[in-house]
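Inspection log for the structure reproduced underneath, given as structure tokens.
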2 protein chains.
Amino acid sequence: MPTVSSEELAAAAGVNSAKLRKDFSYLGSYGTRGVGYDVEYLVYQISRELGLTQDWPVVIVGIGNLGAALANYGGFASRGFRVAALIDADPAMAGKPVAGIPVQHTDELESIIRDNGVSIGVIATPAGAAQQVCDRLVAAGVTSILNFAPTVLSVPDGVDVRKVDLSIELQILAFHEQRKAGEEATAGAAAVQAAAREETSTDQGPDGDVPAVMPA
Amino acid sequence: MPTVSSEELAAAAGVNSAKLRKDFSYLGSYGTRGVGYDVEYLVYQISRELGLTQDWPVVIVGIGNLGAALANYGGFASRGFRVAALIDADPAMAGKPVAGIPVQHTDELESIIRDNGVSIGVIATPAGAAQQVCDRLVAAGVTSILNFAPTVLSVPDGVDVRKVDLSIELQILAFHEQRKAGEEATAGAAAVQAAAREETSTDQGPDGDVPAVMPA
DNA sequence: ATGCCTTTGTGAACGCGTGCACAAAGATTG
DNA sequence: CAATCTTTGTGCACGCGTTCACAAAGGCAT
Ligand SMILES: NC(=O)c1ccc[n+]([C@@H]2O[C@H](COP(=O)([O-])OP(=O)(O)OC[C@H]3O[C@@H](n4cnc5c(N)ncnc54)[C@H](O)[C@@H]3O)[C@@H](O)[C@H]2O)c1
Ligand SMILES: NC(=O)c1ccc[n+]([C@@H]2O[C@H](COP(=O)([O-])OP(=O)(O)OC[C@H]3O[C@@H](n4cnc5c(N)ncnc54)[C@H](O)[C@@H]3O)[C@@H](O)[C@H]2O)c1
């Protein structure tokens with residue numbers, strides 16, 4: 001039975017082992033003292049808690065460059081997401097397969113959502129169409145939306161929206177880049193100091209971020 | 001002179017006004033008591049601190065669906081990023097314009113980086129090519145990388161990498177979706193309670209996240 | 001010029017998450 | 001079966017960020 005200790009996991013993840021153990025303890029007592037955690041069991045428990053055991057049908061609306069890239073992305077399937085349908089307003093695209101899935105026309109949006117029990121929708125249309133598409137998705141039963149269009153969507157209570165703006169990722173890189181260059185103390189360095197404390201980390205994720213407040 | 005009070009801004013951003021004032025105070029004393037903050041001046045100061053006043057040349061490597069979508073994305077230019085070049089290994093693509101910019105062959109990578117003084121690179125190649133592309137970018141002088149390929153890149157010290165995995169965004173939605181459904185107390189709800197505290201927020205960003213630890 | 005009213009900037013208190021440190025638990029060995 | 005060793009689970013303390021609350025500052029009206 002392959003096991004890992006909290007110490008090993010913590011080192012791998014770059015966090016404190018006590019914190020890791022405490023975090024795990026909220027999910028239940030899945031470790032064995034003197035031994036560690038049964039890897040397979042632990043992965044299952046965390047997966048279950050995170051909702052990775054069930055698979056979620058998702059629809060992608062707006063099959064342009066971005067929509068096509070998402071449809072082709074293998075990382076979705078491997079994390080329990082199934083692309084149930086691709087939807088586009090362009091009649092010329094209807095029936096054309098993208099990533100092996102035939103594109104369907106927006107007219108079918110409502111029936112697709114209902115027939116497949118879709119609760120998660122991805123919007124990759126131009127900004128002008130996003131709110132309208134959003135409204136139709138929500139009306140048809142979608143309660144979670146991943147929005148790539150550069151618009152803030154308004155949705156009723158109970159519906160989650162996550163807006164993705166990749167230029168923010170670049171901004172974060174540029175922010176650190178700027179600090180690398182001007183090491184000779186730009187004015188107001190205090191805030192930056194605070195924001196960039198644990199600089200020398202090796203992680204590649206949306207952590208160790210950047211200040212929060214900034215108007216669009 | 002149009003102004004805003006910390007109270008207004010805080011309400012708009014959904015944060016505490018005292019925190020907002022304290023944050024601003026780290027950048028300097030840019031407000032006027034009894035009046036508020038001069039909007040234009042404030043925007044400029046924050047922009048400068050965040051590095052938005054200078055413009056950054058970036059290169060995108062791997063002009064497939066995703067690379068093309070990024071090249072076309074208007075949000076980059078509006079935030080001070082300029083697409084200096086598009087690079088692809090496919091000889092058939094060389095010279096073909098994408099988003100008005102002719103694609104250049106990978107052979108030219110080093111000279112492009114040097115000639116344009118590029119320090120930020122975007123990798124949108126297949127996973128297999130990512131590390132190799134990364135190495136060349138870094139060797140040529142790039143010190144910040146935005147990586148879309150599903151690989152963890154290894155880079156020397158002093159180089160920043162941000163990995164973007166959009167399936168994580170879906171996972172976060174699915175996580176909350178799961179909670180909406182099974183309100184009748186799944187086992188181990190404690191952690192989830194903690195993670196999802198401030199549920200009823202109206203923001204659409206990478207905040208109010210999800211637990212941290214999970215193996216790939 | 002004086003006084004009032006608004007809003008900033010910040011010292012101090014509070015609360016929460018993180019990390020320390022250890023007792024309890026179980027496995028393993030003789 | 002007892003002794004030992006490893007590693008978990010967690011009470012507790014510390015530190016940091018958030019929030020409160022207010023004095024100081026500046027505008028504006030009289
Ligand atoms: N957030 C980011 O970082 C980011 C990055 C790249 C692109 N984008 C945005 O993503 C969106 C798509 O980008 P793209 O490069 O794929 O654009 P695109 O023009 O290639 O594709 C848009 C697609 O949406 C379809 N469409 C238009 N109106 C529609 C409607 N009402 N219903 C259904 N489909 C409709 C069009 O037919 C087209 O196929 C744009 O809004 C763009 O700004 C965002
Ligand atoms: N992180 C995410 O959420 C996400 C989403 C979608 C796609 N992706 C990833 O992004 C990458 C690109 O996706 P795509 O749909 O655009 O793929 P794609 O196959 O359409 O495009 C890949 C492009 O890279 C080029 N290329 C291959 N090797 C190269 C090299 N050594 N140097 C330069 N260019 C090279 C190819 O010629 C092609 O044009 C893939 O790795 C994919 O898994 C990630």
Side-chain angles (χ1 to χ4, degrees), chain A residues 1-46 49 187-199 201 203 205 207-213, chain B residues 1-46 49 187-199 201 203 207-213 215:
Chain A
M1 182 179 88
T3 60
V4 265
S5 69
S6 61
E7 205 64 57
E8 294 173 284
L9 273 179
V15 299
N16 182 285
S17 68
K19 175 168 163 47
L20 190 139
R21 283 199 298 279
K22 185 160 285 185
D23 282 359
F24 282 6
S25 76
Y26 289 119
L27 306 179
S29 220
Y30 300 138
T32 307
R33 295 174 188 226
V35 177
Y37 299 89
D38 173 23
V39 173
E40 193 182 350
Y41 187 53
L42 179 66
V43 166
Y44 169 72
Q45 288 297 343
I46 297 180
E49 196 68 41
V192 186
Q193 301 273 351
R197 258 154 315 168
E198 42 177 315
E199 197 74 18
S201 64
D203 52 32
D207 354 349
D209 262 6
V210 125
V213 183
Chain B
M1 182 178 91
T3 60
V4 266
S5 68
S6 62
E7 205 63 57
E8 295 173 284
L9 273 178
V15 299
N16 183 287
S17 70
K19 175 168 162 49
L20 190 138
R21 283 198 299 279
K22 183 158 284 185
D23 282 0
F24 283 5
S25 76
Y26 289 118
L27 307 179
S29 218
Y30 299 138
T32 306
R33 296 173 189 227
V35 177
Y37 299 88
D38 173 23
V39 173
E40 193 183 350
Y41 187 52
L42 181 66
V43 166
Y44 169 72
Q45 288 298 341
I46 297 180
E49 196 68 42
V192 186
Q193 300 271 354
R197 258 155 314 170
E198 42 177 314
E199 197 74 20
S201 64
D203 52 35
D207 357 346
D209 261 5
V210 125
V213 184

Can you measure [X] atom [atom1] to [N] atom [atom2] for me and round it to whole angstrom units?
X	N	atom1	atom2	answer
B:Glu8	C:dT8	CD	C1'	14 Å
A:Leu9	D:dT8	CG	C1'	13 Å
A:Leu20	D:dT10	CG	P	14 Å
A:Glu7	C:dG19	CD	C1'	12 Å
A:Tyr26	D:dT10	OH	C1'	9 Å
B:Leu27	C:dT10	CG	C1'	15 Å
B:Met1	C:dT7	CE	P	13 Å
B:Tyr30	C:dT8	OH	P	16 Å

Looking at [atom1] of [X] and [atom2] of [Y], how far apart are the two atoms once the value is rounded to the nearest 0.5 Å?
X	Y	atom1	atom2	answer
A:Phe24	A:Lys19	CZ	NZ	11.0 Å
A:Thr32	A:Tyr37	OG1	OH	9.5 Å
A:Ser6	A:Asp23	OG	CG	11.5 Å

**Q.** pair B:Tyr30-B:Asp38: side-chain heavy atoms closer than 4.5 Å
**A.**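 No, too far: nothing below the 4.5 Å cut-off.
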Q: Name the nucleic acid region contacted by A:Ser17, choosing base, sugar-phosphate or nothing; use a 4.0 angstrom heavy-atom cut-off, strictly under.
A: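 No contact at all - A:Ser17 keeps every heavy atom at 4.0 Å or more from the nucleic acid.
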**Q.** Listed partners of B:Lys22 passing salt bridge (Lys or Arg N to Asp or Glu O under 4.0 Å), at least two apart
**A.**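 With sequence neighbours excluded, B:Lys22 shows a salt bridge (Lys or Arg N to Asp or Glu O under 4.0 Å) to no residue whatsoever.
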Polar-atom pairs under 3.5 Å, protein N or O versus N or O of nucleotides 24-30 of chain C: list them with distances, or write none.
residue: C:dA24; atom: N3; partner: A:Arg33; partner atom: NH1; Å: 2.9

Nucleotide N/O of nucleotides 20-22 of chain C paired with protein N/O under 3.5 Å:
residue: C:dC20; atom: OP2; partner: A:Asn16; partner atom: ND2; Å: 3.1
residue: C:dA21; atom: N6; partner: A:Arg21; partner atom: NH2; Å: 3.2

(Q) For A:Glu8, I'd like to know if atom CD has over 12 heavy atoms of other residues, nucleotides or ligands within 6.0 Å. (A)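 Yes, CD of A:Glu8 has more than 12 neighbouring heavy atoms, counting only those of other groups under 6.0 Å.
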Q.
Side chains of A:Gln45 and A:Tyr41: any donor to acceptor distance under 3.5 Å?
A.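 Yes.
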Q: Examine D:dT6: is either OP1 or OP2 under 4.0 Å from a nitrogen or oxygen in the side chain of A:Tyr37? Give yes or no.
A: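 For D:dT6, OP1/OP2 do not have a side-chain N/O of A:Tyr37 under 4.0 Å.
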Q. Quick one: is C:dT7 close enough that its OP1 or OP2 comes under 4.0 Å of any side-chain N or O from B:Ser5?
A.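 Answer is no, no contact under 4.0 Å.
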